[in-house]
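Only one structure is covered here, and it is reproduced in the block below.
Order of the sequence lines fixes the chain letters, A, B, ..., with proteins taken first and strands second; residue numbering starts at 1 for each chain.
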2 protein chains.
Amino acid sequence: MPSSAADPIYDDIRAAILSGDIAPGAPLRQDEIAKRFGVSKIPVREALRRLEVDNLVVFERNKGATVRHYSETEVLQLLDIRIALECRALELAVPHMIATDFSDMRQLLREYANRTDPAEWGAMNAKFHHMLYEPCGNPQLMKMIDDLQGKLGQFLRLLVSTASGLERPMREHDEILEACERGDTQTAVRTLRHHIEATQKEVAAFLRRGG
Amino acid sequence: MPSSAADPIYDDIRAAILSGDIAPGAPLRQDEIAKRFGVSKIPVREALRRLEVDNLVVFERNKGATVRHYSETEVLQLLDIRIALECRALELAVPHMIATDFSDMRQLLREYANRTDPAEWGAMNAKFHHMLYEPCGNPQLMKMIDDLQGKLGQFLRLLVSTASGLERPMREHDEILEACERGDTQTAVRTLRHHIEATQKEVAAFLRRGG
DNA sequence: GTTGACAAAATGGTATACGATTTGCAAGAA
DNA sequence: TTCTTGCAAATCGTATACCATTTTGTCAAC
């Protein structure tokens with residue numbers, strides 16, 4: 001039972017923005033959304049305001065809400081935050097990993113390597129990273145990481161289809177996982193850090209070329 | 001010009017929760033708030049929903065909003081996130097610090113040491129940390145750090161008045177600042193990390209004794 | 001005195017209604 | 001043609017109104 005009629009609206013629009021179904025800058029018409037969900041504007045506005053706090057939409061007085069556009073600089077800054085959160089999460093997670101964690105991740109990486117559709121890479125990449133950090137036992141940290149992943153999703157999806165491909169990230173994923181299995185937290189974290197910094201450089205280059 | 005009537009309500013209640021003026025678990029009556037601000041319930045609900053996304057209030061269907069209560073575990077987890085964000089911010093900030101940054105921070109630390117009222121320590125501590133990270137040039141990261149600081153504020157305020165006092169934190173603040181002046185990012189970050197971990201241990205001990 | 005049932009009051013959630021602002025468009029002037 | 005100007009439609013923001021649910025208070029039965 002949802003706490004209110006705004007909940008499903010919030011979830012739906014959120015997903016639509018994160019998946020890229022609604023483009024940045026697109027206006028979010030309250031009446032249209034209200035009709036679509038069969039409710040009045042009140043819960044729609046509530047949902048949009050919540051998305052505003054999430055930094056996914058922007059409000060302008062008497063103009064309503066539009067999907068927020070992240071500038072190149074802001075995307076790079078989000079990646080800096082990713083380094084902060086994910087390195088810490090991995091550091092906390094490694095000591096808690098057990099055998100099934102390793103085998104599950106190995107399994108995922110094998111499947112990953114066999115996929116040829118770049119559209120799937122983004123999701124699998126996100127899933128692998130999520131599994132890496134899950135044992136950290138800090139739900140609030142996990143939520144922040146997932147939120148960030150969502151915001152960056154659209155850019156990374158774009159990137160992965162144009163950039164160098166799977167070779168580098170796959171090798172780094174293997175290195176990270178191996179370090180985790182050895183219980184070598186230091187190496188795992190350092191490798192993860194380089195992994196994200198490499199992504200950061202690719203994004204920077206991609207954007208310089210006018211993404 | 002505020003984007004809507006919900007804005008000042010959001011800001012006010014947010015401040016009241018963060019400052020501890022409204023205790024955790026306290027109900028937030030929509031009609032009462034609406035009357036106090038001279039508006040209807042609609043903008044009040046919007047404001048409360050935004051606070052829910054901020055994780056500051058909790059909604060229960062047909063019971064309305066109450067101020068969220070953080071468990072002991074969650075407070076310790078927030079401190080883990082603090083380590084992640086602030087160490088990264090400091091790492092990014094050190095290379096950008098200039099002479100006036102150092103002198104401003106030294107100035108603050110001197111004032112800090114002269115204050116005898118524990119109630120002021122929390123604010124000055126927050127300010128010093130904020131100044132440390134500001135040069136990182138990442139507004140989104142700064143916002144996350146400040147939000148976290150706000151959430152932890154009430155606990156740290158409680159703590160500082162009961163715990164060991166100023167001696168340890170002050171010494172560590174000096175150490176961090178000196179490392180920054182030398183441009184020794186490694187040492188600065190490592191010291192900051194120990195600094196926050198020490199706080200974490202004190203909070204853990206405080207909570208064990210039934211804070 | 002305690003418990004249970006029921007009515008009354010309070011509170012929450014949302015649809016409707018309406019004034020305010022912006023936007024789109026057409027008609028006329030340069 | 002291109003640039004104003006003004007009006008109509010669309011859209012937004014919020015007060016009012018209303019029903020649903022929860023809480024509170026009362027009173028009788030045990």
Q: Could you tell me whether B:Glu46 and B:Arg49 make a salt bridge, using a distance below 4.0 angstrom between a side-chain N and a carboxylate O?
A: no

Report the distance from atom [atom1] of [X] to atom [atom2] of [N], rounded to the nearest whole Å.
| X | N | atom1 | atom2 | value |
| --- | --- | --- | --- | --- |
| A:Gln30 | C:dT21 | CD | C1' | 13 Å |
| A:Phe37 | C:dT14 | CZ | P | 14 Å |
| A:Ile33 | D:dT11 | CD1 | C1' | 12 Å |
| A:Arg45 | C:dT16 | CZ | P | 17 Å |
| A:Ile9 | C:dG13 | CD1 | C1' | 13 Å |
| B:Leu28 | C:dG12 | CG | P | 9 Å |
| B:Asp31 | C:dA9 | CG | C1' | 12 Å |

(Q) At 4.0 Å (heavy atoms only), tell me whether A:Leu48 reaches a base, stays on the sugar-phosphate, or touches nothing. (A) nothing

Q: Classify the angle between the aromatic ring planes of A:His129 and A:His173 as parallel (below 30°), tilted (30 to 60°) or perpendicular (above 60°).
A: perpendicular

(Q) Is the terminal nitrogen or CZ of B:Arg68 (NZ for Lys, CZ for Arg) located under 6.0 angstrom from the six-membered ring centre of B:Tyr70 and within 45° of that ring's axis? (A) yes

Q) Is it true that the NZ or CZ of B:Arg106 lies under 6.0 Å from the centre of B:Phe102's six-membered ring and within 45 degrees of the ring axis? A) no

Q) Is any side-chain nitrogen or oxygen of A:Arg61 closer than 4.0 Å to OP1 or OP2 of C:dT21? A) no

Q. Does a side-chain N or O from A:Arg29 land closer than 4.0 Å to OP1 or OP2 of D:dA10, or not?
A. no

Q) Starting at the 5' end of DNA chain D, which residue's closest nucleotide do you reach first, B:Ile42 or B:Asn62? A) B:Ile42

Q | B:Lys41, nearest nucleotide to its side chain (from D:dG13, C:dT14, D:dA15) | A | C:dT14

Q: Specify the residue among A:Lys63 and A:Glu46 whose closest nucleotide of DNA chain C lies further upstream toward the 5′ end.
A: A:Glu46

